[in-house]
Every structure is written in C-alpha cells, then in structure tokens.
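Every chain is numbered from 1 and lettered A, B, ... according to where its sequence line falls, protein lines coming before strand lines.
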Amino acid sequence: MKLLLLEVLCTMSEYDPSKVEPKWQKRWADAKAFEANVDHTKKKFMTTFPIAYLNGSIHAGHGYTTMKVDSYARFKRMLGFNVVFPQGWHATGQPIQGVAERLKKGDEVQKRILRQSGVTDKELDKFTDPLHISNYYKKHAKRDFILLGASVDWRREFVTTPLCPPFSRFIEWQYETLKKLGYVKKGTHPVIWCSHCQSPTGDHDRLKGEGVSYSEFIVIKFPFEDGYLVPATLRPETIFGVTNMWIHPDGDYVEAEVDGEKWFVSESAIIKLMDQLHTVKIIRKFKGIEIIGKSCHTPVREEDVKILPATFVAVDHTTGVVMSVPSHAPFDYVALRDLKNNPDMLTKFGLASDFADDITLISMIKTEGFGDHPAKDIIEKMGIESQDDPKTEEATQTIYKEEFHKGAMRENCGKYAGTKVSDIKDILIKDLEVDKITSLLFEPAETVICRCSTKNHVKILKDQWFIAYGDAKWKKKTMDYLTKKMDIYPPEARQAFVYTINWLRDKACARKSGLGTPLPWDTEWLVETLSDSTVYMAYYTIARIINEKDIKPEQLPNELFDYLFRNKATIEETIEKSGLTKELIEEMKEEYEYFYPPDFRASAKELIFNHLTFYIFQHLALFPKNHYPLEIEANGMIMIESEKMSKSGGNSVTLKELIEKFGADATRFGLAYCGEGYSDASFRFADAEAAGRRIRTLFNEITTTTFSTEEKRIDQWIISRLQKKIIETAEHYQNVRTRSAIGSGFFDILNDMKWYEARSVNIKGPGYRDALLTLVDLLTPIIPHFAEEVNETVRKTKDGFASFRPFPKADKKRIKNKLEQEEQLVKNVKEDIDGIFNAIKKQEKKQASKIEVFIAPEWMNKILKIRRDKPANLIKAIMEYDDIKKNGNKAVKYAQKLTKHPGIDSTLNAKSEFTAITDAINYFKREYNIKEFQVTYASKSTHPKANVAEPGRPGIAIDFS
RNA sequence: GCGGGGAUAGCCAAGUGGUCUAAGGCGCAGGACUGAGGUUUCUGUCUCGUAGGAGUUCAAGGGUUCGAGUCCCUUUCCCCGCACCA
C-alpha cells in the first residue's frame, strides 16, 4: 500500500518531455502561433536560417545554428516583435544526383548513410531517383525542425530548382535582372580538367590531389634554331642567372606550331596548350637526346647557353623544358655537379667530357644569411649526393621561401638591381609581356589524379557565365554598407567579411550538370548552387500567397517581381502581364514591404567566404536601400564530444536521434549551451542529459513548493540579484550568445537560489518564487515546451502562450547594492571559516563550541575612503587625521598593504558589517552546528584575532571544547 | 603557401593588467536521503599545511611592468577559408 502511494506520487510529479513536448508542438501548430501576418501595429522581425540541403538528414550542426536562430526569434517575439521565421530547402547542384548515382552503383557507405536516416532496405532502390531523394529528405527535415520546436512559419516553404517552378521563375528574374544591370557576363575560366571524363575534376572526384588548385607558370621563349625552346617557371626573375637548359634525354618532345610560332616542348604539353586557348599543330616528334649539346639564346641577358641532359626533368610537368639556375636552384646545381664529376654522362651523348666545365654559377639574388650561391651552400650542408635525392625538393622550398621574403636582386640584373624578390615578379612579367617573350601556362600545383585514374591538367573554359563580384564599384558599395550599417556577431567575424569582399573575383555562376534553374537566355547552363541561394529570402515574403493560391510560374512574369521588389514596373503592366488581380498583387507587395529585409541571418562561419558575402552583394545590386540585410551571425562548427562530425566517418549525429534520446528541450539546451561565438562548439551528451534532469526537477520544484508571502531581507537580496541577471541575460540574447544567456539566466540564478535556501532553511518567500518564475521566463527562448507547461500548470494561463509572454524587465529600483555587498560579506566570512576548518587536519578536528567574528574598526574604512580620492602619498594623507594617526604603526601597515594591492576595497562601514553578520547568526550556527556565534567590534576586544580584522574581512576566532 | 581565428585544470569553458586565492558547467570521489538504484543535496576535486597560510599553474620560451592567463616578440600545434564546390 505504501509502495503504491509512492508510485502515484512519482507519476504525479514526473515531468515527461515525450508527452509534454509533442503536446505543445501540436498546440502551436493548431493555433497557428508562429504564422506571422502583416500587422502594422507591431514592429516586424524577419529571421532566417539557410535553406537546408536535401541530400541527408538534419544533423546536430543544423541544430546548433537553428538554435541560434530560433532562440533569437523567440527572444524577439517576447520583446513584442512580429517575428517571421520562414524555412525553405535546397536541391540545386550535383550532390542529390550524386547520392542517386552512388546508390545505383551499390555504394555501401551511401547505403549506410541512408539507413541511418531511417530508410528501410525495401525503400532503398527508390533513392536512385533524385526527385524521390529530395522529397524524402524534405519531409524528414521539416519533421525534425518541428520536433525541435523551431518556431517556423511553414506556409512560406519552397524548394530551389524546377522542383518548385514558381521559385525557378524567381531565379530567372534574378539572373535576367543581374544581367541587365551588367553584373552577369561572359568570360573564360581555368579549371582542373580530366581529358578522359571531359569535365572539371571537383575535389570529391579526385583519387589524388584533394584541395589542390592551379599555379600560374611563366613560359619564357628562348630563341632556338628557327623557333623557341620554352621552359616554364614560377620564378621568372631567375632568368638573370640562367647558365644552361635541361632536357630529359629519353623524353618525348615535339616541334610544334603554337599561335604561328615554332615551339620546342614536351609532347604532353601539347594538350595543355590546346586547352589553354592556344592554336597548336604538331610538326614532328623527337627524343630529348636529339637537341642535347646544342645551344639556345637567353632573352634579357642575350647570351648563348648550352642544352644539357638531366634526369630530374619531369617531362609531363609544364613544358618539359627547364631553365637552369644553379646558383639558386638546388636541382640545377646538383645536376650540373653530376655532369662535371661524371664525364661519361656527357660522353654517352657524344659530347666532350669537359663540355660542361666552362659553365660557372651566376649569382643574381642577394639574401641575408646566405652566401653568393645559396643552392651550392645548402646542397653541401644537407649532404645531398645526387639529383634523385628527395631532400633536394626540401632544399628548393627552403631557398625559395628565404629568397622570396628576404632577397633582393643583385647589380647584374640591370634596371631591376636592388628590387626585392617579393616585388619583382609582377614588374618583370609586365616588361617581358611587352616584348612578347613570355606566355602563361596553368598547371595543377600538385599532381591531381581523377577517379578514372587520368592525370589532370588545367583547361580554360570559354563562354562561362560569371557574376562580376570583382567589379570595383560593386565591391566598394558592399564594403561601405558592411562597415557602416551591418551588425555582425560575433565581432571577430567582421574581419572575415572584409577579407572576402576584397578577395572576391568574378565567379562562375552556371554549370552544365546537376539540378538547377536554366539561365533563361542560354538554357544549356544551369544556375549553380551558391548563385541561386543569395536573395531567396525575398521570395519568402510572397511564398505564402503563391503556395496558398497555387500561383503558376506563367503568372509570375519579370514585371511582377520588378514591381514587387524593385519598384520598377507599374501596377497596370504587372496586372496585364501576370493576369493576377490587383488585390492579390497588392497583398504580395504589402507582405514584402512589411517583412523585408531579413533582420537576422545565421550560418556557420565557413559560409562567410561565399554565401553570406554573396548575400550582401546581391541584395545591394537588386533591392532598394531600405531592403538591405541588417544582422548576420556566423558561428563555429559543432563537434560531438570534441570530435569532428563526418557523415562518411560514421559519427554523424542526426537531430532526431538527439531529440529521441534527450527530448526537445534538453537537446535545445545542450545545443545552446555547447558553444557560442566564432570558435568551434562541442556538443556533450552528458550536458544534454543533465539538462533533462534539471528540467524535470525544476518542474517538480515549481509545482510542489509552497511559498510564504513574507518578504524578508534575503528576499530583497535575491530580487536585487535577479534584476541584474535579467539585464545581463537580455544582453546575451541580443548578442546571440546563448551559452552566456544560459549562464546568467539559469546557472547564476540557480546558485543564488541555493544560497537563499541555505540562508533561510525551510522557508521560501516571495523573492524565491520570483526568481524561480523569472528563470522560466528567461529560459523560454531555449526551453519553450517546458515554459509552456509551467505557464499552464502553475500560472494557470488559459489562453495565450508562454512563447508570447513579455520578456522580463528589470526593475532598477529593486537593485540594492549595499544589501548585496552585505550578503557578499556573509559569504566571505563563511569561506574564511571553511578555510580555517580545512586547514585543521580532519582526524584532529573537534567540534567547535564557539565562533567569534570581529568587525574591523571604522578608521580602517576611513583609510579606504581616503584612498578612493587617489592621494599622491596615502600614508601622508591619512596621517592628517587624528583618529587614524593614533593607531600609528597599524594604520601605516594597512596603508602599505593597500598601496601594494590596489584591488582591495570595501564600501561597507563597520556598522553595516555588524548588522549583516548579526543577521546571519542563525545561519552560521546551523551551518557549523554550534551553540554560540558572536559578533564583536574589534575595537572592543583584546582577542589576538580582533587585530587581523580588516574591512570586508572580519577577524575570526574558533574555540574548540 | 596565403588570410583569419585559436591553445586556460580530467573534459567544456569564462576571464584583455590589480581583492597576492583563475567564474560556471560536465565528469569524478566522499557524506546525507533511500530497502536498493536513480533523482536530489552537501563537501571535495594542482601540491603541501592542526587558524583563514605557503608554493605551483593558463601550449613552449623570452620580454615589458611594482604587478601578466590578460600586453609585446619568437616557436610549436589546432580549426576555418583559398572558389565554380555544397
């Protein structure tokens, strides 16, 4: 029977998130609580989270950023704003097709990822259809947002690409407008290219060379026979130190007609030259050995140099011809030394054994810390024996770095003498170009091998469509707007925006494969992912009407968008072209004018370098000034238990898994608490679990505690503290610092409540009740389901949601600094007593019989007060007062201590200290289980401990019986 | 390589010169409660210490200062971006 009662009690008080949370999610939906409509009596607030990509489940990372957005949205709602938080989906590009294709091939990793997101084996073969994939993930993603309790207005949903034809129309309008404004134009662009697959090789398509980009090599034309021998180099300035040329004796070379000139290059260079927009015709093929021993002519220095054999020459790299600068290039030095030391390497090719002997090193760069011939020095120092030694590469890097940063051109470099190496490249290239001595050749910085195992080269794509992010005026406008008008959270992220705006060049905005909206004027091209996701937030404002009225793409002509978003077309034209009623069009216009621009947008920080910056650029190009975006938050990545999350690595955690395990509120708490600001966050399961426990016990406490109505001193104290916490917490929310908001709005208040309990035993008064309920309000943006439940069961609110309660307002009149200081003094005294007890070894610790506390004499407070006026000489200043002077040595010592430690201070006077401690006598008696606790003015006692009393730090004497 | 951000105790993290004592959370240990477990709560959690003390610590090394986790320099390591890819 007793057991039964206990169980009943348990179930009664048990807070069960798995029942409470769905209940409130349903009620919010039924009441259309988060559906925001135009309401001119209220200020609007539009907040957005990037459209989620539909190639996988919503995971913890989405959850992390979503919590920044949702808690901010909920905070603003409590401040009285008419908040709209729309959400759409992203399907543009290759990845969704990629999933389908990998699945067709039976890829096991892909199958595992799909199974993890809840796909049964039976359904698996449907996922070979991209459309099915995006629909599937869309459905699940929306469900996950709802399960988390995100306060989204779902009427404004859409998906990119022709999967949602009205949205495609919006993109068509966007790009036609950008083109009209001159921001979209045609151009060429180099890409890493696979000649076998006939397509650019993206990072994910590479067997080798992930993340490798291309470098610009300078091809220099050395007159040779009736044409040119053309080495390619990254260091054109070393042309002043060229002593000979290197050719691989066994290499396949060709004589070819390149843009009307005759070039001698490796056979493998031909395809690169052709793909880099040169006209090329092969005349004949030959082996390298054929021209070894001949001479060519150096441009600039105007001398003949010999062509010599070298095995280190990589024939398939650049042009397969290398100019030799043995003074500064380790490979060249070693190769030359080899030839001189082994005459048979020369005689083998029919050359005289002393053929290379007359070649002397030419030093042409002076670098601090190096001799005349840095290559020679480093080779000898590192003990490199031959040109095939791998250390030679390392030596090359070292010299290149040093010379580039610290080196300057020597006197033998003509008009360039004295120029820094780091500056010369651009100057020299310009000069050489004028004389038509050079040409550009792009080559991957490191070897790139395609999945099809073909070695890749660089191809320059023609007729590419670009967005002119490199446009100087557009950049300046964007930069000005960013620096003058935008709020960026956290502040560190601003640097990244500035950097990105400066660095951006024209960006290719269309591709030929994947999903996407075709460019209206050139339909074989599809607008690519990062380009169709820049201003879609404007579409949210009209999406509700388009969805509800089922408006067809043909009813959305450019004139409509021009009228709505740019004030360009007239209403009459718009009605005529769209066939929509005036009423409907004006309704759309009103929605847009009311809700736009997005006030707030949050995303992971890596998107600053593309998406978030494009977002600013394009808004400035397309929309009127009053509709430019306002605040951006960029957060770090989320890690799980300090490990990077990776889908293929198998430690990816879906949002749904978290919610099933901990409940929505505990998950929200965990996500909000695991990080903030620019550095990476780490989600910890233990934290989410602890949050769940705290929520349950908090609920029990709220529902079961009876409060007294008598307001005591400690109630005033906690209320005073509370006002400060309200101010702090509101500030943290405003700065999107969810972790700090939980710190001040939850943990700090909880600690104050603990102290309150310790001080007042079993009585919980109005202050405690205030703290408890205010805490719930402060946390409503983080744990809304809980807040709703409290609102209903405790506040007995019949209609209206906790989500719309006003955010607590601090009452500054209730802040009592003196009272707080007095309470702090009590805490300090407790800590000191604890310190004393701690210092006594446990086994010898006896029951204390009496504790006596000595309050420092008032003249010491006077010294503190005098010091606050910052006199030049404190000791001199205090001696002008007789009451201090008569304490002589003691006063001087205290003054000296204060000078040494400027931080020591206390503004309470002796009388306040006395009252405060006296008020806490019962507390101390209880805490230490003693009969006698006495407070005495130090001036009235001869006890030795009375002497150590200082303001803010009373003397303490403990008697043991 | 270039640009940006970092490195604080077992873990996460607050802390941009001043109470000679480095918040808070998690975890862990012990006590209380319980038949037990969980919850809750108290105490402890760098070292030494029978009177509130002493010493050592904030990636490493150096410097500035009466005083440095905090400012400066050097080094090492980590994260993000470097594009046509979402």
Side-chain angles (χ1 to χ4, degrees), chain A residues 10 53 55 90 92-96 98 189 191 200 202-205 211 213 215 397 400-401 404 445 461 464 466-467 469 490 492-493 495-496 498-500 502-511 514 528-531 533 604-611 636-637 639 641-642 644 673-687 689-691 693 696-697 700-701 739-740 742-744 746-748 750-751 754 757-758 828-829 831-846 897 899-906 945 948 952-953 955-958 960:
Chain A
C10 279
Y53 207 84
N55 65 334
H90 204 185
T92 309
Q94 204 44 257
I96 292 177
H189 180 65
V191 291
D203 253 1
H204 309 291
D205 305 324
S213 186
S215 313
Q397 294 294 330
Y400 178 78
K401 219 161 85 180
F404 182 81
L461 296 180
Q464 260 279 358
F466 284 87
I467 303 177
Y469 292 130
E492 304 95 283
Q495 251 328 90
V498 170
Y499 176 79
T500 308
N502 282 328
W503 163 88
L504 268 178
R505 309 192 296 265
D506 293 354
K507 182 187 184 303
C509 63
R511 326 189 66 194
E528 61 85 44
T529 327
L530 286 168
S531 302
S533 59
K605 66 178 173 187
E606 62 258 33
L607 291 189
I608 293 174
F609 300 94
N610 43 57
H611 168 74
M637 289 243 304
M639 309 206 279
E641 302 286 352
S642 305
K644 221 170 157 178
Y673 189 64
C674 74
E676 67 187 12
Y678 207 51
S679 49
D680 291 344
S682 178
F683 186 88
R684 285 170 304 279
F685 293 102
D687 276 350
E689 198 159 338
R693 286 199 305 264
R696 280 197 298 278
T697 49
N700 285 347
E701 181 167 17
R739 166 189 267 276
S740 304
I742 290 176
S744 63
F746 186 63
F747 289 117
D748 284 357
L750 234 44
N751 281 333
K754 268 191 209 166
E757 277 191 271
N828 291 349
V829 169
E831 269 171 36
D832 275 355
I833 296 173
D834 286 344
I836 296 168
F837 277 128
N838 268 343
I840 301 167
K841 272 190 178 167
K842 272 183 185 170
Q843 57 267 40
E844 290 186 36
K845 189 171 133 190
K846 296 171 220 157
K897 185 174 176 181
T899 316
K900 202 175 162 196
H901 305 297
I904 297 176
D905 203 358
S906 168
K945 286 293 164 190
V948 303
R953 196 167 177 275
I956 295 160
I958 304 176
F960 297 96

Would you indicate what [X] reaches in the nucleic acid, counting non-hydrogen atoms under 4.0 angstrom: base, sugar-phosphate, or nothing?
X      : result
A:V191 : nothing
A:Q94  : sugar-phosphate
A:A957 : base
A:Y673 : base
A:D687 : sugar-phosphate
A:I833 : nothing
A:K945 : base
A:D832 : base
A:A686 : sugar-phosphate

If we only count heavy atoms from C-beta on, is the [X] to [Y] side-chain gap below 4.5 Å?
X      : Y      : value
A:I467 : A:S531 : yes
A:K507 : A:L530 : yes
A:H611 : A:T529 : no

Nucleotide nearest [X] when distance is taken to its side chain, options [options]:
X      : options             : result
A:T697 : B:U40, B:G52, B:G5  : B:U40
A:Y499 : B:C84, B:G81, B:G25 : B:G81
A:D680 : B:G3, B:C79, B:G27  : B:C79
A:H189 : B:G5, B:U40, B:C84  : B:C84
A:W503 : B:G3, B:A51, B:C82  : B:C82
A:N751 : B:G52, B:G25, B:C80 : B:G25
A:I958 : B:C11, B:C84, B:A51 : B:A51

Sorted by position of nearest nucleotide on RNA chain B, 5' first, the leading residue of A:Y678 and A:R739 is A:Y678
By nearest-heavy-atom nucleotide on RNA chain B, the more 5' of A:M637 and A:E757 is A:E757
What is the distance from [atom1] of [X] to [atom2] of [N], rounded to the nearest Å?
X      : N     : atom1 : atom2 : answer
A:I608 : B:C79 : CD1   : P     : 18 Å
A:N502 : B:G3  : CG    : P     : 14 Å
A:E689 : B:G25 : CD    : C1'   : 15 Å
A:R953 : B:U19 : CZ    : P     : 15 Å

Please report the distance separating the [atom1] of [N] from the corresponding atom of [M], rounded so that it comes out in whole Å.
N     : M     : atom1 : result
B:G18 : B:C12 : P     : 26 Å
B:U56 : B:U64 : C1'   : 23 Å
B:A23 : B:C77 : C1'   : 27 Å
B:U40 : B:U47 : C1'   : 33 Å

Examine the base of B:A83 for any acceptor or donor lying under 3.5 Å from a partner atom in the side chain of A:R505, and report the outcome as yes or no. yes
Ignoring hydrogens and angles, are the base of B:C84 and the side chain of A:K507 linked by a donor-acceptor pair under 3.5 Å? yes
Classify the ring geometry of A:W503 against A:Y499: parallel below 30°, tilted from 30° to 60°, perpendicular beyond 60°. parallel
